[in-house]
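Contents: one structure, followed by commentary.
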Amino acid sequence: SQTIHQWPATLVQPVGSPLSLECTVEGTSNPNLYWYRQAAGRGLQLLFYSVGIGQISSEVPQNLSASRPQDRQFILSSKKLLLSDSGFYLCAWRGGRAWNEQFFGPGTRLTVL
Amino acid sequence: AQSVTQLDSQVPVFEEAPVELRCNYSSSVSVYLFWYVQYPNQGLQLLLKYLSGSTLVKGINGFEAEFNKSQTSFHLRKPSVHISDTAEYFCAVGSSGSARQLTFGSGTQLTVLP
């Protein structure tokens with residue numbers, strides 16, 4: 001069966017510090033991968049998606065970047081965090097014949113102080 | 001372009017009462033619709049999905065939803081809720097592009113009261 005991992009689960013960082021969040025998927029190959037952000041009291045905003053290694057599409061201009069160095073690894077980064085980067089970050093994958101269905105990881109709670 | 005509107009941000013309901021969470025969508029192409037549930041500090045879990053066929057879709061935990069093309073709606077219902085149904089519920093519409101992206105609504109917080 002497939003599983004998706006995210007770490008860390010929680011993170012508190014000062015403004016201006018760098019960020020690296022990691023997401024890995026097990027039990028599938030060549031998945032589509034997605035990064036979402038959920039700000040307090042708001043819905044999910046798609047930040048990045050990837051259809052293959054090294055292929056990243058950005059949905060909104062922002063202070064963040066994403067990379068996919070391996071087939072089942074998706075990394076969200078920032079060189080200098082802003083207060084507005086605080087939120088709940090969710091990674092998701094889609095693959096196989098499940099039409100459009102995405103499976104979500106447990107999320108990372110990021111607080112920027 | 002696609003969009004999803006969840007008309008109620010918060011829905012309080014007493015235990016064992018019925019509930020309906022409303023969702024309206026707009027899409028210029030074929031429609032694929034989903035409901036997800038999110039418990040506090042957790043990821044999202046799929047409740048049910050509509051891809052084609054019968055407009056009444058049954059999901060997990062006793063939930064069901066009805067696709068209404070003329071009203072562009074996909075409302076979620078449960079005839080009798082439990083305390084454990086307290087969570088946030090998201091409606092989403094899928095795209096047919098290569099990335100098969102989902103566009104989510106802003107969510108509805110369902111609170112079941114004893």
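Chain identifiers are assigned alphabetically (A, B, ...) following the order of the sequence lines, protein sequences preceding nucleic acid strands; residue numbering begins at 1 within each chain.
The cluster map of Ile, Leu, Val, Met, Phe, Trp and Tyr, joined by side-chain heavy atoms under 4.5 Å apart, puts B/L7 and B/V4 in different clusters. Both A/V15 and A/L64 belong to a common hydrophobic cluster when Ile, Leu, Val, Met, Phe, Trp and Tyr are linked at side-chain heavy-atom distances under 4.5 angstrom. Placement of B/F63 and B/I83 within a single hydrophobic cluster is found when ILVMFWY residues are connected by side-chain heavy-atom separations under 4.5 Å, directly or transitively. Hydrophobic cluster membership is shared by B/L48 and B/I60, with clusters built from Ile, Leu, Val, Met, Phe, Trp and Tyr side chains linked at under 4.5 angstrom. Cluster annotation: B/V19 and B/Y39 are assigned to the same hydrophobic cluster (Ile/Leu/Val/Met/Phe/Trp/Tyr, side-chain heavy-atom contacts under 4.5 Å, transitive).
Between B/Q42 and A/L90, the shortest heavy-atom distance links the atoms O-CD2, 4.5 Å.
Annotation: ring-ring contact (aromatic ring centres under 6.0 Å, His included) contacts of B/F67 (sequence neighbours excluded): B/Y50. Under the rule for a ring-ring contact (aromatic ring centres under 6.0 Å, His included), A/Y89 has no partner lying at least two apart in sequence or in another chain.
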If you apply the rule side chain to side chain contact (heavy atoms under 4.5 Å, CB included), what do you find for A/L44 with B/L102, and how did you get there? CA-CA 10 Å; A/L44 281 79; B/L102 292 179; over 6 Å; no
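Close approach to chain B, defined as a heavy atom under 4.5 Å from one of its heavy atoms, is seen in no residue of residues 74-84 of chain A. Contact annotation for residues 106-113 of chain A against chain B (heavy-atom separation below 4.5 Å, listed by residue number): A/P106, A/R109.
If you measure heavy-atom distances from B/Q38 to chain A, the contacts under 4.5 Å come from the side chain alone. At a 4.5 Å heavy-atom cutoff, the contact between B/L46 and chain A is made by side-chain atoms alone.
Note that the CD atom of A/Q38 and the OG atom of B/S106 stand 11.0 Å from one another [nearest 0.5 Å].
At least one side-chain heavy atom of A/Q102 sits less than 4.5 Å from a side-chain heavy atom of B/Y36.
Other residues, nucleotides and ligands contribute over 12 non-hydrogen atoms within 6.0 Å of the CD atom of B/E15.
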